A.B. asks: 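Quick one: this structure, given as structure tokens, is what I'll be asking you about.
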Amino acid sequence: MEKYFDAKDMRNVIDDIEWIFSGYREHSDGLISCYEKYRDNDLFQGAVAEASKLFIGKHQITQAKAQVAMQQKLLDMYKHALTSFHEKVDKAPDARVDLETLDIVNKDFQDIYADLDEYVKYIEKVVKLLQARYGFLGIFTMPKCQPALDTFTALCGGDNPRSGFIYDLMQKFINFDADECAYADSLNFEQEIDDANNLIQTAMNMLEGFITSTFSNIVSSVTHTENSSGTVETTSGKRDEFAVVQERYGFTEEEMEYLKKNYPSLVISLYGASNYSTSDADKILQQIKEKLEKMNINTEEEKEVRELLENLGWNNLDDESIQELIQVLHKYNIDTKEEISAFLAQCAWETGWGKNLTELGSDEYFAGKAYGKKYRGAGYIQITWEYGYEAFATYLMLQKYPDLNGKYKNPANNSADEIKKMYLQVVQDAQDKGYDVSEFTKIVDEGADYVADHFAWESAGYFWSTGGCGEALENGGTIDDVSKIVNRWDTGSFQGRRDNYYKILEEIGKTSIGQ
């Protein structure tokens, strides 16, 4: 990861921390005041009151003050970094130093210097030759190239790569980085955090001891511990969490076995949430229902699709990916052998037979792309650009919640501004109606990696449908016509996509997949 420092971003961070900290400190001061009033209030009498006062006085107030102190120290560290940067590196209020970019620029200038130096020497050689041969006709003036060379030397070091303005700036930044790391280490946050944890643990131990000694009879009847097998031990015996969830929500034996095997943590989360939060439990239950939908896919079809992909040499095969593919084929009516072959041929070409679910390239490569790294190609037919992600997210939200106030905007015939406006409108309407659309807004918020992890086949089916790929084939088009829709500029890939198509068509002909 390259190193960089952005003074403007740092100043914004400091402003944000100061704003948050001012509210936190105000809250903490009020809390500490309440703690102190409670601790000093003589109206509370008895063992329980004295124990709670001791807990408040010795631990809670101290802990609150320690948190305030740590917040202040963090803010001081940020302010120190900004001041140090202005003093040691660059006084510009919005300066940004990017070490990797500076190094590239410096090498570029050194290359230009080398070319210029070679050219100057050539000119000098020509002038001397002319003077020697034709000096009797007059004086041939030597061009004054040295000032230009001196300027480049001052900028990039010329023949000495360890000198020049850019090199000096890089060294300042490296030293600044080392100084700030040393300063941050000197603040000893790690030790302070350990001390705070020890403080909390001490407080909890004291409270636990008080509860045990004062209410031992009550505690023994209600205390429970969870063992490694996922069961709960109580005074009334053992009960399986999975059995509780199955009975509570009416899952079949088959469904519960599937969940225990594939999503045990989700079931346990549902068990916990159902005991304290109906809304959280409903959200988890919805996730489980979506998982169970995948279970209901015909297992024979799943087996046959897996064998097809394995025979084709497909990469990254797992149950969830295969199930998602089958769902997508059904959902987007990709159902004939020819159409499935064409669909998989494009997916194979775009991803290297499932090997790369996001566009490949270095940070430097994506820095030169208008859509950037976040919105690079993703999925089996790789969607790109921020507006492409926004359109995809909008499409899925409208599918799941048809009553949302909005209309899908196809990137093929709508501007980026129109697509963004519609996306924001649909998100706002979903929030107003209390719909949880976070799984779709993450498509835009997190970008390519999220789509590759969660919507790899779905995004391909979406593109196939909205781009008119299936329609092109139904109207007598060829695999080349589909390739033009997927990437009309990459004509050099058409032969490879065509080869993929015939290879897959031959394999799929040996199966019962497709009509």
Side-chain angles (χ1 to χ4, degrees), residues 328-329 331-336 338-351 357-359 366 369-402 404-427 437 440-441 443-445 447-448 450-452 455-494 496-498 500-501:
V328 165
L329 294 177
K331 177 178 178 179
Y332 293 101
N333 298 317
I334 307 171
D335 49 16
T336 68
E338 291 76 13
E339 192 170 355
I340 296 172
S341 298
F343 175 72
L344 292 178
Q346 299 297 333
C347 295
W349 184 267
E350 293 284 299
T351 64
L357 297 183
T358 58
E359 182 181 354
F366 287 115
K369 292 288 187 180
Y371 48 77
K373 186 175 183 179
K374 182 177 179 179
Y375 297 114
R376 67 193 187 277
Y380 274 102
I381 297 182
Q382 302 196 338
I383 58 173
T384 319
W385 296 92
E386 182 176 8
Y387 63 81
Y389 282 74
E390 290 168 341
F392 178 44
T394 302
Y395 180 89
L396 293 181
M397 284 188 287
L398 291 172
Q399 274 203 328
K400 185 167 185 177
Y401 302 108
L404 288 175
N405 179 27
K407 182 179 180 182
Y408 170 68
K409 297 282 187 179
N410 195 317
N413 45 33
N414 288 277
S415 69
D417 288 342
E418 290 173 321
I419 292 171
K420 178 178 286 293
K421 182 178 179 181
M422 181 57 66
Y423 166 74
L424 295 174
Q425 176 182 314
V426 170
V427 171
V437 292
F440 307 124
T441 55
I443 290 172
V444 178
D445 295 341
Y450 180 78
V451 170
F455 295 100
W457 285 115
E458 181 75 38
S459 60
Y462 151 80
F463 182 91
W464 185 269
S465 177
T466 59
C469 297
E471 187 178 350
L473 290 176
E474 290 171 6
N475 292 332
T478 66
I479 184 63
D480 285 351
D481 293 315
V482 175
S483 297
K484 290 174 185 176
I485 296 173
V486 175
N487 194 336
R488 61 175 174 166
W489 307 112
D490 189 16
T491 55
S493 71
F494 285 11
R497 296 171 192 262
R498 196 180 310 127
N500 287 352
Y501 170 72

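Both backbone and side-chain heavy atoms feed into the values below; hydrogens, waters and symmetry mates do not. If you're wondering where the values come from, they're calculated on a predicted model, not measured in any experiment.
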A.B. asks: Quick one: does Ser493's side chain have a donor or acceptor within less than 3.5 Å of a partner on Gly496's backbone?
C.D. replies: no
A.B. asks: Report yes if some heavy atom in the side chain of Leu473 is under 4.5 Å from a heavy atom in the side chain of Val482; otherwise report no.
C.D. replies: yes
A.B. asks: Could you check if a side-chain atom of Thr478 sits within less than 4.5 angstrom of a side-chain atom of Asp481, using non-hydrogen atoms only?
C.D. replies: yes
A.B. asks: Identify the heavy atoms of Asn500 and Ala345 that sit nearest to each other, and give their distance.
C.D. replies: ND2-O, 3.4 Å
A.B. asks: What distance separates Tyr387 OH from Lys409 NZ, expressed to the nearest 0.5 Å?
C.D. replies: 15.5 Å
A.B. asks: To the nearest 0.5 Å, tell me how far Lys373 NZ sits from Thr358 OG1.
C.D. replies: 8.5 Å
A.B. asks: Counting C-beta onward and ignoring hydrogens, is there a side-chain heavy-atom pair between Met397 and Tyr423 closer than 4.5 Å?
C.D. replies: yes
A.B. asks: At their closest point, which heavy atom of Leu398 faces which heavy atom of Val426, and how far apart are they?
C.D. replies: CD2-CG2, 4.2 Å
A.B. asks: Looking at CD1 of Ile419 and OG1 of Thr394, how far apart are the two atoms once the value is rounded to the nearest 0.5 Å?
C.D. replies: 8.5 Å
A.B. asks: How many angstroms lie between CZ in Arg497 and CG in Asn487, if you round to the nearest 0.5 Å?
C.D. replies: 5.5 Å
A.B. asks: Determine all donor-acceptor pairs shorter than 3.5 Å in which one atom belongs to a side chain in residues 460-470; sequence neighbours excluded.
C.D. replies:
| from | atom 1 | to | atom 2 | distance (Å) |
| --- | --- | --- | --- | --- |
| Tyr462 | OH | Tyr408 | OH | 2.8 |
| Trp464 | NE1 | Glu339 | OE2 | 2.9 |
| Thr466 | OG1 | Tyr462 | O | 2.8 |

A.B. asks: Specify whether Phe455 and Phe440 have parallel, tilted or perpendicular ring planes, treating 30° as the upper limit for parallel and 60° as the lower limit for perpendicular.
C.D. replies: tilted
A.B. asks: Please give me the minimum heavy-atom distance between Ser459 and Ala378, naming the atom from each residue.
C.D. replies: OG-O, 4.1 Å
A.B. asks: Work out which heavy atom in Cys347 is nearest to a heavy atom in Ile381; give both atom names and the distance.
C.D. replies: SG-CG1, 3.8 Å
A.B. asks: Is there side-chain contact between Phe343 and Leu329, with heavy atoms separated by less than 4.5 Å?
C.D. replies: yes
A.B. asks: Between Tyr375 and Val444 (side chain of the first, backbone of the second, donor and acceptor by atom type, cut-off under 3.5 Å), is there such a pair?
C.D. replies: yes
A.B. asks: Between Tyr389 and Arg376, which heavy-atom pair has the shortest distance, and what is it?
C.D. replies: OH-O, 2.6 Å
A.B. asks: Side chains of Tyr501 and Trp349: does their closest heavy-atom pair fall under 4.5 Å?
C.D. replies: no
A.B. asks: Please report the interatomic distance CD(Gln346) to OG(Ser341), rounded to the nearest 0.5 Å.
C.D. replies: 11.5 Å
A.B. asks: Counting only heavy atoms not in Glu471, do more than 12 sit closer than 6.0 Å to its CD atom?
C.D. replies: no
A.B. asks: What distance separates Lys374 NZ from Glu386 CD, expressed to the nearest 0.5 Å?
C.D. replies: 7.0 Å
A.B. asks: Could you tell me whether the side chain of Ile443 reaches within less than 4.5 Å of the side chain of Leu396, counting heavy atoms only?
C.D. replies: yes
A.B. asks: Could you check whether any side-chain N or O of Gln382 sits under 3.5 Å from a backbone N or O of Thr351, counting only pairs where one atom can act as donor and the other as acceptor?
C.D. replies: no
